[in-house]
Amino acid sequence: MKKLVFATNNTHKLSEVKAILEPKFSIISLADLNCNEDIPETAETLEGNALLKAKYIHGKFGFDCFADDTGLEVDTLNGEPGVYSARYAGEDHNAQNNMTKLLSLLGNCPNREAHFRTVIALIKNGETSFFEGRIDGSISLQPMGNSGFGYDPIFVPKGKTVSFAQLSAEEKNTISHRALAVNKLVEFLQQK
């Protein structure tokens with residue numbers, strides 16, 4: 001079985017990606033490598049942050065690896081929170097505070113269109129490749145559901161009447177931005 005290092009310490013992301021990739025690939029987490037460092041995300045784009053994390057792990061451990069960065073982009077807010085999604089309301093990465101800030105800024109604005117984007121950077125055999133997944137939807141007026149993480153309780157995917165947090169993990173993993181990006185990664189790896 002092929003092994004891949006996923007450069008993340010986010011247990012939610014790790015379980016989502018493992019559910020998609022295994023058993024085709026064995027995913028090695030940063031915890032498996034005893035790497036508990038908070039890798040700086042100082043780039044201005046999702047692509048840049050994903051690449052920073054992948055390069056850091058590749059440089060430190062020498063393994064082929066991939067990393068992702070994800071952003072929620074709200075049309076009315078000119079694409080905010082975007083690259084700052086995880087720390088929108090502060091450096092403590094508090095999901096509840098991030099959602100509260102976003103809902104407060106939107107207020108009763110009728111245009112609540114938004115999309116999630118995930119960009120994966122893969123470093124394999126010294127070459128870098130990028131894979132992107134995007135899902136369109138809208139921001140609900142209030143949080144709905146208890147599953148998922150991050151902005152899931154306020155993001156309603158296009159064509160659905162429930163939030164990501166109201167979907168089962170299996171259903172979310174068939175339509176989410178991360179699943180779309182990971183599936184492109186899988187197609188690429190299977191062609192190599």
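For clarity, every value in this text was computed on a predicted model and none was experimentally measured.
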>> Please evaluate residues E73 and N78 with respect to the criterion side chain to side chain contact (heavy atoms under 4.5 Å, CB included), reporting the C-alpha separation (whole Å), side-chain torsions for both, the decisive distance (0.1 Å), and the verdict.
In response: CA-CA 8 Å; E73 299 172 344; N78 299 315; over 6 Å; no
> Hey, are E41 and Y84 close enough side-chain-wise for a donor-acceptor pair under 3.5 Å?
Replying inline: no
> In the single-linkage hydrophobic clustering (I, L, V, M, F, W, Y; side-chain heavy atoms under 4.5 Å), do L14 and L4 co-cluster?
Replying inline: yes
> Rounded to the nearest 0.5 Å, how far does CD1 of I135 lie from NZ of K158?
Replying inline: 10.5 Å
> Any idea which heavy atoms bring E44 and V83 closest together, and the distance?
Replying inline: O-CG1, 3.9 Å
>> As an exercise, state the distance from CD1 of I123 to CG of D64, rounded to the nearest 0.5 Å.
In response: 8.5 Å
> Do the side-chain N and O atoms of T70 and R117 include a donor-acceptor pair separated by under 3.5 angstrom?
Replying inline: no
> Would you say N98's side chain and A89's backbone share a donor-acceptor pair under 3.5 angstrom?
Replying inline: yes
>> Does E47 form a side chain to side chain contact (heavy atoms under 4.5 Å, CB included) with T45? I'd like the steps, not just the answer.
In response: CA-CA 5 Å; E47 294 83 357; T45 63; 3.5 Å; yes
>> Less than 4.0 angstrom from a charged side-chain N to a carboxylate O is my criterion; do R87 and D92 meet it?
In response: no
> Does F116 belong to the same Ile/Leu/Val/Met/Phe/Trp/Tyr cluster as L180, with side-chain heavy atoms less than 4.5 Å apart forming each link?
Replying inline: no
> Among the clusters formed by ILVMFWY side chains lying less than 4.5 Å apart, do L77 and I154 turn up in the same one?
Replying inline: yes
>> Donor-acceptor check, side chain of N49 to backbone of A43, threshold 3.5 angstrom: yes or no?
In response: yes
> Any idea which heavy atoms bring P153 and S163 closest together, and the distance?
Replying inline: O-CB, 3.6 Å
> Under 3.5 Å, is there a donor-acceptor pair between the side chain of N36 and the main chain of D38?
Replying inline: no
> D32 and S29: side-chain donor and acceptor closer than 3.5 Å?
Replying inline: yes
> For the atom pair OG1 (T128) and NE2 (H58), what is the distance rounded to the nearest 0.5 Å?
Replying inline: 8.0 Å
> Picking from L185, T118, N183, V186, what satisfies side chain to side chain contact (heavy atoms under 4.5 Å, CB included) with F131?
Replying inline: L185
> How long is the span from the CD1 atom in I139 to the OG1 atom in T76, to the nearest 0.5 Å?
Replying inline: 10.0 Å
> Between K160 and E171, is there a salt bridge with N-O shorter than 4.0 Å?
Replying inline: yes
> Roughly how far apart are E16 CD and S176 OG, rounded to 0.5 Å?
Replying inline: 5.5 Å
>> If hydrophobic clusters are built by linking Ile, Leu, Val, Met, Phe, Trp and Tyr wherever their side-chain heavy atoms come under 4.5 Å apart, do V156 and L103 end up in the same one?
In response: no
> Under the side chain to side chain contact (heavy atoms under 4.5 Å, CB included) criterion, do R134 and H177 qualify, and how do the steps go?
Replying inline: CA-CA 5 Å; R134 172 183 164 142; H177 47 293; 5.7 Å; no
>> Please verify the inter-ring angle class for F164 with F155; under 30° counts as parallel, over 60° as perpendicular, anything in between as tilted.
In response: tilted
> Do V17 and E22 come within less than 4.5 Å of each other through their side chains, counting heavy atoms only?
Replying inline: no
> When rounded to the nearest 0.5 angstrom, what is the spacing between CD1 in I175 and CG in L167?
Replying inline: 5.5 Å
> Is the shortest side-chain N to carboxylate O distance from K184 to E132 below 4.0 Å?
Replying inline: no
> If you measure from the Lys or Arg side-chain nitrogens to the Asp or Glu carboxylate oxygens, is any gap between K101 and E80 under 4.0 Å?
Replying inline: no
>> Taking side chain to side chain contact (heavy atoms under 4.5 Å, CB included) as the criterion, tell me which of I57, L189, L21 meets it with F66.
In response: L21
>> Pair L72, L102 - check side chain to side chain contact (heavy atoms under 4.5 Å, CB included), show working.
In response: CA-CA 10 Å; L72 174 65; L102 181 62; 3.6 Å; yes
> Under a 4.5 Å side-chain heavy-atom rule over Ile, Leu, Val, Met, Phe, Trp and Tyr, are L122 and F6 clustered together?
Replying inline: yes
